[in-house]
Amino acid sequence: MREKINKIFKNLIALFFGLFIAFIIGEIILRIYNPFEFRVKGDKIILPCNKKYIIKNSTSSKLDTLITHTKNSLGFRGEEKPADYD
């Protein structure tokens, strides 16, 4: 009976150690490559400038099949600001 408890205890320690190592490796990978784009850093809002998103729609028949979403140099949707803009 004692050997069985000892084996279960060792397996639990190995499981938690493996999860801990996996967490550390995942944290390192996400610090090198961040797939999530955050727009708030500290007390500032960072807008994505000069971006173009193309979305292929196959679910809604009321929308176009190809949707283009663009951002100008200020990070807003719409036309670029005029050259004589102050």
Side-chain angles (χ1 to χ4, degrees):
M1 182 74 174
R2 184 171 172 96
E3 290 180 20
K4 192 173 190 180
I5 292 173
N6 198 13
K7 185 177 179 181
I8 291 172
F9 184 69
K10 283 183 182 180
N11 285 339
L12 285 174
I13 289 176
L15 174 71
F16 286 121
F17 183 72
L19 289 174
F20 179 74
I21 295 298
F23 177 78
I24 296 297
I25 291 172
E27 185 70 28
I28 291 170
I29 289 171
L30 287 176
R31 286 191 184 260
I32 293 171
Y33 171 70
N34 187 3
F36 308 108
E37 186 176 334
F38 291 108
R39 295 188 181 179
V40 178
K41 290 188 179 180
D43 60 346
K44 296 185 179 186
I45 298 175
I46 315 268
L47 297 176
C49 300
N50 300 319
K51 295 257 183 165
K52 186 175 186 178
Y53 304 99
I54 297 176
I55 303 163
K56 295 179 182 176
N57 175 29
S58 62
T59 57
S60 177
S61 62
K62 295 181 181 180
L63 298 174
D64 292 339
T65 56
L66 192 64
I67 300 167
T68 305
H69 178 95
T70 56
K71 303 280 187 167
N72 62 15
S73 61
L74 295 175
F76 297 117
R77 294 179 72 178
E79 301 295 322
E80 284 292 327
K81 65 180 182 177
D84 61 348
Y85 184 76
D86 287 333

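Numbers here are sequence positions counted from 1.
Cluster annotation: Leu15 is not connected to Ile5 through the hydrophobic network of ILVMFWY side chains, with a link wherever side-chain heavy atoms come within less than 4.5 Å. The hydrophobic clustering, which links ILVMFWY residues whose side-chain heavy atoms are closer than 4.5 Å, places Ile21 and Ile29 together. The hydrophobic clustering, which links ILVMFWY residues whose side-chain heavy atoms are closer than 4.5 Å, places Ile28 and Ile25 together.
The shortest distance between side-chain heavy atoms of Lys62 and Asn57 does not fall below 4.5 Å.
In this structure, CD1 on Ile55 lies 7.5 Å from NE2 on His69, to the nearest 0.5 angstrom. With rounding to the nearest 0.5 Å, the separation of CD1 in Ile45 from CZ in Arg39 is 10.5 Å. If you take CZ on Arg77 and OG1 on Thr70, they are separated by 7.0 Å, rounding to the nearest 0.5 Å. Summarising the geometry, atom CG belonging to Leu12 is positioned 6.0 Å from atom CZ belonging to Phe16; distances are rounded to the nearest 0.5 Å. Annotation: the span from Lys44 atom NZ to Lys41 atom NZ amounts to 11.5 Å, rounded to 0.5 Å. For the atom pair Ile54 CD1 and Leu66 CG, the distance stands at 6.0 Å (nearest 0.5 Å).
Of all heavy-atom pairs spanning Lys51 and Pro48, the tightest one is CG-CB, 3.8 Å. Contact between Cys49 and Leu74 at its shortest, heavy atoms only, is SG-C, 4.0 Å.
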Tell me, with the steps shown, if Phe20 and Ile24 meet side-chain contact (heavy atoms from CB on, under 4.5 Å). CA-CA 6 Å; Phe20 179 74; Ile24 296 297; 4.0 Å; yes

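Under a cut-off of 6.0 angstrom, the local environment of CZ in Phe23 is sparse, with at most 12 non-hydrogen atoms contributed by other residues, nucleotides or ligands.
Between the side chain of Glu80 and the backbone N or O of Asn72 there is no donor-acceptor pair closer than 3.5 Å.
Ion pairing of Lys7 with Glu3 is absent here, as no side-chain N (NZ or NE/NH1/NH2) approaches a carboxylate O to less than 4.0 Å.
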